[in-house]
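Have a look at the structure below, then the notes.
First the proteins, then the strands, lettered A, B, ... as listed; each starts at 1.
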Amino acid sequence: MLLPTSTPWSTDEALGTYLERRGVSRRDFVTFCGEMAAILGLSASMAPRVLKALEAVKRPPVVWLSLQECTGCTESILRTAEPTIGDLLLETISLDFQENLMAAAGHAAEKALHDAMEANKGKYVLVVTGSVPLEEDGIYLTIAGRTAKTILEEAAAGAAHVIAVGACAHWGNVQAANPNPTGAVGVNQIVKDKPVVNIAGCPPIADVITATIVHVLTFGRVPELDSQGRPKFAYGARIHDQCPRRANYDAGQFVEAFDDEAARKGYCLYHVGCKGPATFSPCPIFMWNTRTSWPIGAGHPCIGCTEVGFWDTMTPFYGRLPNIAGMSVEKTADTIGALAVAGTAVGIAGHAALTAAGRLKARKELPQHPQGPPSSGGPNPSSVS
Amino acid sequence: MTSPTVPERLVIEPPVTPDAPPTRILQHPVPDATGRYMWVYLWQAPLRAMHWIAAIAILALIVSGFWIGRPFFLPNAQTTGSYATQWARLLHFAAAYLLAATAIVRVYWLIAGNRFERLPALFPLRSRDWRNMIKQILYYSFIRREEDTPKYVGHNPFQQLFYTSLYAAALVMVVTGFALYGLATPDGLIFGMFNWVNELLGMQMVRFIHHVTTWYFVIFPITHVYFAMRSDVTEHGGGISSIISGGKFVEASHRYEDNP
């Protein structure tokens with residue numbers, strides 16, 4: 001899917017006809033629709049509806065903006081072992097304007113963007129990868145002399161749906177990590193007048209992008225979103241609750257170091273900093289590279305890349321709990337807690353010793369009680385029992 | 001011997017004097033005293049039950065919580081079919097619900113309780129109480145003598161702040177705890193009620209706060225038990241027995257700050 005194909009999906013052609021022309025068998029297409037229905041969490045009876053809708057769908061106009069990003073999201077989509085129908089769908093729809101993939105450059109590219117937006121005003125799907133820098137009036141990213149903010153605002157104004165792909169477009173990602181020198185923000189900080197679908201992750205899984213677009217094409221609206229704007233079908237459960245190593249967690253079998261016996265046996269990575277308990281993502285189910293593997297499957301703890309602010313909130317990546325700002329990294333929560341308990345114990349022991357010493361001194365100085373010594377003593381028997 | 005006049009507004013159930021026959025409820029002998037003593041009913045049954053249930057729940061929560069925070073590696077887990085982490089979580093969640101239940105009772109008792117248990121008793125409200133607290137701190141620092149330090153039947157201002165701080169810490173624990181607990185079922189009621197905490201602070205920060213606040217629940221009982229014992233030994237306050245029997249003996253002749 002790297003290059004513009006010599007047999008493009010023409011504007012009035014139905015997707016079914018186009019796929020047939022590209023040599024995709026009906027069986028494969030039906031299978032693809034079934035997969036998409038499953039990913040979207042639709043019942044099996046909905047698969048024919050997805051099939052019917054997709055079959056008849058005309059080529060949707062898509063504008064794809066690449067802003068402050070590393071193009072890793074595009075890479076994640078491209079690097080599949082064998083092109084699937086999903087790839088094909090992404091390929092064909094992303095060719096209106098995708099800076100990494102399009103043949104045009106320079107003025108021709110700018111013209112292609114404006115032509116695509118003008119021709120399909122109010123109808124196109126806007127896909128954004130990359131964050132928007134706002135510091136210094138946004139000069140940290142300008143394309144053709146215009147800032148990313150201006151470009152995005154213009155593109156979003158005429159869009160029917162806005163899909164933010166990747167952690168950069170979601171909330172800013174590594175460039176927005178403290179101290180965020182370029183003032184990078186996500187798409188939903190700029191586009192406020194329409195819902196922004198956030199395909200979270202650094203990079204996100206291609207299937208989630210495909211399935212979201214399939215949902216838009218089939219039902220004409222975006223899928224159900226969570227409070228962060230992420231599609232619930234993909235980000236509706238924690239990695240921890242879907243993890244194939246959960247049984248090891250339950251049993252108390254943990255990796256303590258990356259070269260120990262437990263690591264070889266594939267035990268739970270909780271102790272070496274896995275953020276699966278704080279991360280909502282479909283990684284354990286969808287996986288990467290045509291369902292080949294994923295971080296925890298490869299023995300590495302999850303770093304929580306689908307969550308907002310993960311560079312700041314999920315670090316240290318190899319520790320369970322955050323470090324305390326302004327203190328050395330060794331000062332973890334438990335060090336502070338243990339020190340506080342030790343301080344309390346020492347303080348109380350000292351206080352008790354002083355109390356006892358004071359009482360002994362007072363007892364010696366006191367005259368004996370007329371009816372014998374008081375049962376527990378005390379500095380002033382008349383004020384106590 | 002002085003012939004004291006019993007303050008009328010002090011709740012006395014029943015007044016006990018050296019020449020009065022011992023009551024049936026209190027089998028232990030009344031101390032041989034120089035003044036006139038009376039028994040004050042401080043902590044009613046629901047409050048005492050709440051205290052001891054909460055104490056047990058907190059102990060269970062601390063132990064299971066530290067296990068969840070850093071579960072021990074069980075080398076034979078694979079062959080023994082261990083379910084260790086999940087048992088710890090079960091204990092933790094069960095104890096958490098128990099503590100939350102006692103909290104509900106306590107909140108109700110802030111309204112329904114007697115004047116030592118109601119909401120105003122949780123805070124030093126009068127400026128006089130704040131001045132007394134300074135005297136109390138001086139007394140605990142061995143600077144002021146006990147007999148010059150103002151006395152309270154219920155909690156003194158220093159105790160009020162200390163005990164109320166535990167309620168505040170418990171509130172932090174309940175809110176952060178249920179926020180983390182809800183994550184497993186994102187369609188559930190708990191998630192809906194408490195997920196705003198995760199969104200406000202970030203899940204890892206919530207986890208950190210929940211973890212570090214646990215240490216307060218380790219520090220608190222150490223301090224609490226020490227001062228309770230010290231008070232009973234040096235001041236003969238009867239505080240420990242009051243949380244078991246509900247009341248304690250106070251000198252009828254003494255003017256107590258919280259008996260206006």
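- No hydrogens or angles considered: a donor-acceptor pair under 3.5 Å links the side chains of B/Y152 and B/N132.
- The residue among A/D226, A/D241, A/T279 with the most heavy atom pairs within less than 4.5 Å of chain B is A/D241.
- Residue A/F310 does not touch chain B at all, counting heavy-atom pairs closer than 4.5 Å.
- The contact between B/I68 and chain A is made by backbone and side chain atoms together, counting heavy-atom distances below 4.5 Å.
- Using a 4.5 Å cut-off between heavy atoms, B/F208 contacts chain A through both its backbone and its side chain.
- At least one donor-acceptor pair under 3.5 Å links the side chain of A/R320 to the backbone N or O of A/C274.
- For B/F191, the part lying near chain A is the side chain, with the backbone staying farther off; criterion is any non-hydrogen pair under 4.5 Å.
- Salt-bridge check for A/E307 with A/R230: passed, with a basic side-chain N closer than 4.0 Å to an acidic carboxylate O.
- Within the 4.5 angstrom heavy-atom criterion, no atom of A/A247 approaches chain B.
- A/W311 and A/N173 form a side-chain donor-acceptor contact under 3.5 Å, judged by distance and modelled atom types alone.
- Contact between A/L225 and A/V196 at its shortest, heavy atoms only, is CD1-O, 4.1 Å.
- Looking at B/Y216, there are no atoms closer than 4.5 Å to chain A (heavy atoms on both sides), in backbone or side chain.
- Below 4.5 Å, heavy atoms of chain A meet heavy atoms from B/Q86, B/R89, all part of residues 86-96 of chain B.
- For the atom pair CD of A/Q242 and CD1 of A/I296, the computed distance is 10.0 Å after rounding to the nearest 0.5 Å.
- Listed in order of number, the residues of residues 346-355 of chain A that approach chain B to under 4.5 Å between heavy atoms are A/I348, A/H351, A/A352, A/L354, A/T355.
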Open item on the list: Between B/F227 and B/Y140, is the side chain to side chain contact (heavy atoms under 4.5 Å, CB included) condition met? List the steps.
Closed with: CA-CA 10 Å; B/F227 276 105; B/Y140 285 134; 3.7 Å; yes
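- Taking every heavy atom of both residues into account, A/Q175 and A/N180 meet most closely at O-OD1, 2.9 Å.
- Options A/A237, A/P277, A/G309 differ in how many heavy-atom pairs under 4.5 Å they form with chain B, and the most are formed by A/P277.
- Between A/D250 and A/R246 there is a salt bridge, since at least one side-chain N of the basic residue sits less than 4.0 Å from a carboxylate O of the acidic one.
- Considering every non-hydrogen atom in both A/G236 and B/P186, the closest pair reads O-CG, 3.0 Å.
- A side-chain hydrogen bond (donor to acceptor under 3.5 Å, both in side chains) with B/R207 is found for one member of B/H211, B/H210, B/Q204 and no other, namely B/Q204.
- Options B/V212, B/I222, B/L183 differ in how many heavy-atom pairs under 4.5 Å they form with chain A, and the most are formed by B/L183.
- Relative orientation of the B/H155 and B/Y163 rings is perpendicular, given thresholds of 30° and 60° on the angle between their planes.
- Between the side chains of B/E199 and B/N195, at least one donor N or O lies within less than 3.5 Å of an accepting N or O.
- Rounding to the nearest 0.5 Å gives a distance of 3.0 Å between CE of B/M173 and OG1 of B/T214.
- Heavy-atom distances place the side chain of B/R230, and not its backbone, under 4.5 Å from chain A.
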